Amino acid sequence: KQWYQRRVAITAGIGTSVCFLTVGVTTIIVMKLKLDEIWIPSSFKCPLVPWLPAAGLLINSALMVSLPLMTWARVGACTALGLLSYATYGIKNSNITLSK
């Protein structure tokens, strides 16, 4: 593989791990707060809660810790750039006005 292909693969891997980590944390929080009792009952149930999400959190955390520091810097830069563009677009195109 070329050097840039390895960097893209590592950066994509950390992005995927962050997504899985977020889903795992959210699943545990939702199931612990029993928000499914508030909503319309569903036939879908998450198996092995909280053990399966907790295992996913541990595995993804271990994978993320093993990534090089430069990967974290790239992810941080991409996240900052994305948040900046999102905020700039939102401020420019917002329908909400500030009343004085």
Side-chain angles (χ1 to χ4, degrees):
K1 287 185 179 181
Q2 298 292 329
W3 64 271
Y4 58 86
Q5 289 175 326
R6 284 192 299 268
R7 287 185 180 172
V8 168
I10 290 172
T11 305
I14 195 171
T16 304
S17 292
V18 168
C19 289
F20 280 126
L21 200 66
T22 304
V23 169
V25 168
T26 305
T27 302
I28 291 173
I29 290 171
V30 167
M31 293 302 175
K32 284 297 181 183
L33 293 176
K34 299 184 189 252
L35 293 178
D36 57 343
E37 294 175 2
I38 298 170
W39 297 331
I40 298 171
S42 173
S43 61
F44 174 78
K45 299 291 182 192
C46 184
L48 300 173
V49 172
W51 308 113
L52 187 60
L57 290 174
L58 291 174
I59 291 168
N60 281 302
S61 296
L63 290 171
M64 289 168 65
V65 167
S66 70
L67 291 170
L69 189 59
M70 197 61 198
T71 302
W72 286 100
R74 281 199 247 21
V75 168
C78 289
T79 301
L81 185 64
L83 287 173
L84 179 66
S85 63
Y86 182 76
T88 304
Y89 178 83
I91 290 170
K92 182 179 177 184
N93 297 304
S94 176
N95 292 331
I96 299 173
T97 58
L98 297 175
S99 59
K100 292 184 179 183

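Quick caveat: nothing in here was measured; it's all calculated off a predicted structure. Sequence positions, counted from 1, serve as the residue numbers for this chain. FYI, side chains are in, hydrogens and waters are out, and symmetry mates aren't considered; it's all heavy atoms of this structure.
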Participant: Can you tell me how far the CG atom of Leu83 sits from the OG1 atom of Thr88, to the nearest 0.5 Å?
Facilitator: 10.5 Å
Participant: Nearest 0.5 Å, what's the CD1-CG distance between Ile59 and Leu21?
Facilitator: 11.5 Å
Participant: Give a yes or no on whether Val25 and Val18 share a hydrophobic cluster (residues Ile, Leu, Val, Met, Phe, Trp, Tyr; joining criterion: side-chain heavy atoms under 4.5 Å apart).
Facilitator: yes
Participant: What's the shortest heavy-atom distance between Asn60 and Phe20, and which atoms?
Facilitator: ND2-CB, 3.3 Å
Participant: Is there a path from Leu57 to Leu63 through hydrophobic residues (I, L, V, M, F, W, Y) whose side chains come within less than 4.5 Å of each other?
Facilitator: no
Participant: Give the minimum heavy-atom separation between Thr26 and Thr22, together with the two atoms involved.
Facilitator: OG1-O, 2.7 Å
